[in-house]
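This report refers to the structure that appears directly beneath it.
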Number of protein chains: 2
Amino acid sequence: MTVLHPPRPRRDLVAPDVADAVSVAQLLGDRSRATILAMLADGPHCVCEFATALGARENNVSNHLARLREAGLVRATRHEENGRLLIYERDEAAVAAARTALSTLLR
Amino acid sequence: MTVLHPPRPRRDLVAPDVADAVSVAQLLGDRSRATILAMLADGPHCVCEFATALGARENNVSNHLARLREAGLVRATRHEENGRLLIYERDEAAVAAARTALSTLLR
DNA sequence: TTGACATATCAGTCCCGACTGAGATATTCC
DNA sequence: GGAATATCTCAGTCGGGACTGATATGTCAA
């Protein structure tokens, strides 16, 4: 398997734009946020469920959810019967876009 | 669109294992490493080509390549005609596994 | 209305990881 | 052999981001 490459390095290569994929990867690069997104794959959950599953404090989890919210990957609604609970669910369009960005980067 | 969720939070949820996807995401969460992987999508390159394309110093790029090497995503071989050059190429199997891990996380 | 529950916000601390500078190793050319 | 090129390694610095502690906001129940 011969490696094809000019004997003289090219100095005119331009770096592709990877900004979108990088910002998504930064979000997924934290265990708490990755776990949250994985748990949301099979339905919505409230903050305290993430906290107990992760063994993390709720304000900590809340911070991570804020990051995911600002990125548009999740959204929050109040529970209809128990209004104390904030129910988080994935924004499937945004998640699909994130998946595409990462897949494209590794294409 | 009604949110389905029990009025009492579940305390028995177990966090899924996301370790593989997280470590891949941590690698992609840096602009330099993401750019390197993207550039490698269309053929091998040497360190100095990444450095010029990124506007980064070569020892810096070398550090990022070491991280990618340790993760098994890339490998290095000497150039046949110009042995001073180290040619990096992607390990397509490892890249495919990384893509799968991320896609599964966002499934 | 008071208290408990669920979550958010904010300031402060701390640690990991990206970058720098310097020096070492490997290869080619003269 | 010695100079030049290409890359690596390592110690040190610095900033961003994750966590903590405390407090604020909103909701329900008695």
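What you see below is based on every heavy atom in this structure, not just the backbone, and it leaves out hydrogens, waters and symmetry mates. Chain naming here is simple, since letters A, B, ... match the order of the sequence lines and numbering starts at 1 in each.
Here side-chain hydrogen bond (donor to acceptor under 3.5 Å, both in side chains) pairs that include residues 91-107 of chain B, with residues two or more places apart or in two chains, are B/Arg75-B/Asp91, B/Arg90-B/Glu92. Listed by first and then second residue, the salt bridge (Lys or Arg N to Asp or Glu O under 4.0 Å) pairs that reach into residues 23-47 of chain A come to none, sequence neighbours excluded. The stretch residues 14-41 of chain A participates, sequence neighbours left out, in no ring pair (Phe, Tyr, Trp, His ring centres under 6.0 Å) pair at all.
Between the CD1 atom of A/Ile36 and the P atom of C/dT7 there is a distance of 12 Å, rounded to whole Å.
For the OP1/OP2 pair of D/dA6 and a distance below 4.0 Å, the side-chain nitrogens and oxygens of B/Tyr88 include no atom meeting the criterion. Between A/His64 and the phosphate of D/dC19, there is a side-chain N or O to OP1/OP2 separation shorter than 4.0 Å.
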Please tabulate, for the side chains in residues 16-26 of chain A, all donor-acceptor contacts under 3.5 angstrom to protein atoms that are two or more places apart in sequence or on a different chain.
residue: A/Asp17; atom: OD1; partner: A/Ala19; partner atom: N; Å: 3.2
residue: A/Ser23; atom: OG; partner: A/Ala19; partner atom: O; Å: 3.1
residue: A/Ser23; atom: OG; partner: A/Asp20; partner atom: O; Å: 2.9
residue: A/Gln26; atom: NE2; partner: B/Gly29; partner atom: O; Å: 3.0

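Residues meeting the side chain to side chain contact (heavy atoms under 4.5 Å, CB included) test with B/Ala97, sequence neighbours left out: none. By the ring pair (Phe, Tyr, Trp, His ring centres under 6.0 Å) test, A/Phe50 is found to be paired with A/His45, residues two or more places apart in sequence or in another chain being considered.
You'll find that the side chain of B/Arg67 is closest to C/dG17, out of D/dA18, D/dT9, C/dG17.
Between the side chain of A/Arg78 and the main chain of A/Gly83, a donor-acceptor pair closer than 3.5 Å is present. The backbone N or O of A/Pro44 sits nowhere less than 3.5 Å from a side-chain atom of A/Glu89 that would complete a donor-acceptor pair.
Of the two residues contacting DNA chain D, namely A/Ser32 and B/Leu65, the nearest-nucleotide position lying further toward the 5' end is that of B/Leu65. Where B/Glu58 and A/Asp30 each meet DNA chain D at their nearest nucleotide, the meeting point lying more 5' is that of B/Glu58.
A heavy-atom distance below 4.0 Å to DNA chain D is reached by none of the residues of residues 12-29 of chain B.
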What string of B, S and - do you get for nucleotides 20-26 of chain D, 5' to 3', when a contact is any protein heavy atom under 4.0 Å?
SBB---S
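B/Arg33 comes within contact range of the sugar-phosphate backbone alone, with a heavy-atom separation under 4.0 Å but no base atom that close.
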